Amino acid sequence: MRDVVIVGAGPVGLFLAGDAAHIHSPLGGQGLNLGIGDAMNLGWKLAATLHGTAPENLLDTYTAERHPVGAAVLDWSRAQVATMNPGPNTPALRRLVHDLLRTADGTTHVFRATSGLAHRYDLGGDQRVVGFTAPDFRFRDGTHLGDLLREGQGVAVDLTAAQSLRETTAGWQGRVRHAPGPVADDLGLGALLIRPDGVVAWAEGPDPDPEAFRRAATRWFGAPTA
């Protein structure tokens, strides 16, 4: 493992980071997905810390969120390798896996596990979408959520008819972008807060609570300016 020193302006002037050490089979390109996920998770948190806008302990969430993902990928990789190892039991194991892959549920499970879509961070909240990568919502003007995330800000997707989060989001100007709906498929939701890495940090139903949004925005983007 090779250490990397990063020097930058901000409340903390020196960062010491180590390379992620994931050693497993290259089968399926999971290491590539894992490395990109690590970079996406850490990048925006590091940038916010350097700019002095990060809430306390934001960088600590990197290990809490990504370590379980790395462990899960290692287990998945070991299971794949087991189907290729020589031995008297391997043919039976392969036939079992092939039978599972012939089912819709089995194929879906394998695809989600291999692509990383099955990984969910434990961020709290009652809505199932919280902690998962957000759907790439398509807005009325044809813009997709992915387009709005390119500038490295969070996105408040406001699907309420009155755009009730517009004024609330203004407290995080430059950190969180207000994106009013409607969208092609709102999944029955009224509002979502999307982190810069594309993960749903908060979501509520048709009548979202602005105070709940403030708590979530403060948790991930620091205190509001007003």
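If you're wondering where the values come from, they're calculated on a predicted model, not measured in any experiment.
Heavy atoms of other residues, nucleotides or ligands lying less than 6.0 angstrom from CZ of R94 number more than 12. The number of heavy atoms from other shown groups lying within 6.0 Å of NE2 (H144) is above 12. The number of heavy atoms from other shown groups lying within 6.0 Å of CG (D207) does not exceed 12. More than 12 heavy atoms of other residues, nucleotides or ligands shown are found within 6.0 angstrom of CD on E211. Remark: R219 CZ is packed, more than 12 non-hydrogen atoms of other residues, nucleotides or ligands lying under 6.0 Å away.
A donor and an acceptor atom, one from each side chain of D158 and T160, are located under 3.5 Å apart.
Between W220 and W44, the ring-plane angle classifies as tilted under the 30° and 60° cut-offs.
Taken from NE2 in H178 to CZ in R166, the straight-line distance is 5.0 Å, to the nearest 0.5 Å. Note that the CD1 atom of I36 and the CG atom of D197 stand 13.5 Å from one another [nearest 0.5 Å]. To the nearest 0.5 angstrom, W202 atom CH2 is 15.5 Å from R195 atom CZ. Remark: R95 CZ to T83 OG1 distance equals 13.0 Å, nearest 0.5 Å. Expressed to the nearest 0.5 Å, how far CG of L159 lies from CG of L192 amounts to 6.5 Å. To the nearest 0.5 Å, the span separating CG on L165 from CZ on R214 amounts to 9.0 Å.
V73 and M40 fall into different hydrophobic clusters, where Ile, Leu, Val, Met, Phe, Trp and Tyr residues are linked whenever their side-chain heavy atoms come under 4.5 Å apart, directly or through other members.
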